[in-house]
Amino acid sequence: MHSYHIQTIAGDGIGEEVTGCAIATLRKAGERYGFGIDFVEHDWGSDYYFQHGRMMPANAIETLRKADAILLGAVGHPDIPDHVTLHGLLLPIRRNFDQYANVRPAVLYEGVASPLKGYPPRAIDMVVVRENTEGEYAPVGGFVHQHQPDEVAVQTSVFTRHGCERVIRYAFELARKRNGKRRVTSVTKSNAQAYSMVLWDRVFQKIAAEYSDIETESLLVDAAAMNFVRRPDSFDVVVASNLFGDILSDVSAIVAGSIGLAASANIDPSRKNPSLFEPVHGSAPDIMGRGIANPLAAILSASMMLDHLGESKAAAAIDGAIREVLREGKARTADLGGAGTSAEVRDAIISKL
Ligand code: GGG
């Protein structure tokens, strides 16, 4: 029996609760579909930071490199500045492992209400592909005259032709593979960002010419934000820079019912490094420890991980179980209008497997 080596970082807040549900679901899927999973769980994150002054150990990347894949919960703590938690854990992992495609699907499932009227189940079925290693998140900048009245902060975006090409190509390949509208929408703000995003637009035009079977659209990010609300059913694959993709994927999550359903995969398509799977949501400290967080984003992320590892039957079974539980509407958490606990939702999924 093949066994996968999965390393997990539950992280902060509700991260522990939802990752626990994902691990339990993966164990059941392994039993049912004949593969083993050896989990190594790391206690990295904000509690680790309080003890050690850093979010993860100095050799964390070398440790994680041994994994077939990584499962992450959430990062963020009210007593630590957000840039410390994010730059101390998630962002170095994405960059060190060249996880340049952050894939964030948004599907309106049967039994889930969109805040927008008039969309039947699956009418919204899109995926945001966010560039994940450079752009506005590049760690380039600094402070001058720090904490003085004349303080200056410089933050530089980095857009490389190579970086744009590979993520745009990934989006086109995904549009070919998906059973969708075969459309790729590129999002920039190239009227204002007249260097970096003009380069992105040029690269998009060049790559699009290689995919004549795929329809294309280019939108400025303000128009894209409006159209995610006005006509979410028109989107299939959306490709955007690091920051824009992050923001827009919160919009696609909420028009599809809840951020509690938003899964994501940070993929190194070369497979030289492990990929990382995480719910889009953060640590939600306001509800941590109460056992009421929606575990479905974490479980859907675990399913994306199985698919990436080649366990497509098990992944499809988890997706099917989630669809059934949502359709039945008996076990559901508060974000979806229910009063259920994370454990009830987890158990409902596991019983369907
Ligand atoms: N699920 C991991 C998490 O806590 N994400 C919250 C977050 O702020 N992520 C930043 C990003 O993806 O750019």
Side-chain angles (χ1 to χ4, degrees), residues 7-23 42-49 55-56 60 64 69-97 99-106 127-139 155 157-158 167 187 221 238 240-254 258-267 275-288 293-305 335 342:
Q7 297 193 26
T8 69
I9 310 168
D12 303 331
I14 60 168
E16 190 137 344
E17 298 153 57
V18 300
T19 306
C21 295
I23 290 174
H42 298 296
D43 63 350
W44 305 338
S46 294
D47 286 342
Y48 188 94
Y49 180 89
M55 292 292 287
M56 57 184 185
L64 291 170
I70 304 160
L71 205 56
L72 175 80
V75 277
H77 190 286
D79 296 334
I80 308 175
D82 285 336
H83 68 273
V84 173
T85 51
L86 196 61
H87 284 262
L89 197 144
L90 183 51
L91 300 189
I93 296 173
R94 288 176 178 163
R95 283 195 296 263
N96 274 287
F97 292 145
Q99 294 162 349
Y100 67 81
N102 187 349
V103 181
R104 297 183 157 195
V127 51
V128 175
V129 176
R130 162 194 184 188
E131 199 293 318
N132 213 28
T133 55
E134 54 175 53
E136 308 89 341
Y137 275 48
Q155 179 104 39
S157 295
V158 175
V167 75
V187 177
V221 66
V238 178
S241 65
N242 213 329
L243 181 64
F244 292 174
D246 184 45
I247 297 167
L248 288 174
S249 55
D250 268 33
V251 184
S252 59
I254 199 63
S258 172
I259 191 90
L261 292 171
S264 81
N266 299 265
I267 304 281
S275 292
L276 179 147
F277 301 80
E278 53 161 337
V280 170
H281 63 69
S283 57
D286 51 329
I287 57 163
M288 78 169 277
N294 190 343
L296 290 178
I299 296 173
L300 282 162
S301 304
S303 154
M304 292 177 87
M305 180 181 84
D335 58 309
S342 319

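Quick caveat, the model's predicted, so the values are computed rather than measured. Counting convention: from 1, in listed order, for ligands and their atoms alike.
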- If you measure from each heavy atom of Gly73 to ligand 1, is any distance below 4.0 Å? yes

Answer yes or no: is there a donor N or O on one side and an acceptor on the other, between the side chain of [X] and the main chain of [Y], under 3.5 Å?
{"X": "Ser283", "Y": "Gly76", "value": "yes"}
{"X": "Ser342", "Y": "Ala293", "value": "yes"}
{"X": "Glu131", "Y": "Val167", "value": "no"}
{"X": "Asn266", "Y": "Leu276", "value": "yes"}

Who's the nearest protein heavy-atom neighbour of [atom], and how far?
{"atom": "atom 6 (C) of ligand 1", "value": "Gly282 CA, 4.0 Å"}
{"atom": "atom 4 (O) of ligand 1", "value": "Val75 N, 2.8 Å"}
{"atom": "atom 1 (N) of ligand 1", "value": "Pro279 O, 2.6 Å"}
{"atom": "atom 12 (O) of ligand 1", "value": "Arg94 NH2, 2.9 Å"}
{"atom": "atom 2 (C) of ligand 1", "value": "Glu278 OE1, 2.7 Å"}
{"atom": "atom 5 (N) of ligand 1", "value": "His281 O, 3.7 Å"}

Among [options], find the residue that satisfies the side-chain contact (heavy atoms from CB on, under 4.5 Å) test when tested with [X].
{"X": "Ser249", "options": "Val128, Val127, Val238", "answer": "Val128"}
{"X": "Asn132", "options": "Asn242, Leu91, Ile267", "answer": "Asn242"}
{"X": "Trp44", "options": "Leu72, Leu64, Asp12, Val75", "answer": "Leu64"}

- Query: Backbone or side chain, does any N or O of Ser283 fall under 3.5 Å from an N or O of ligand 1?
  - Reply: no

- Message: Below 4.0 Å, non-hydrogen atoms only: which portion of Leu86 touches ligand 1? Side chain, backbone, both or neither.
- Response: side chain

Close-contact set for ligand 1 against [X] heavy atoms, below 4.0 Å:
{"X": "Arg104", "result": "12 (O)"}
{"X": "Arg130", "result": "11 (C), 12 (O), 13 (O)"}
{"X": "Tyr137", "result": "11 (C), 13 (O)"}

- Task: Give a yes or no on whether Glu16 atom CD has more than 12 heavy-atom contacts from other residues, nucleotides or ligands under 6.0 Å away.
- Result: no

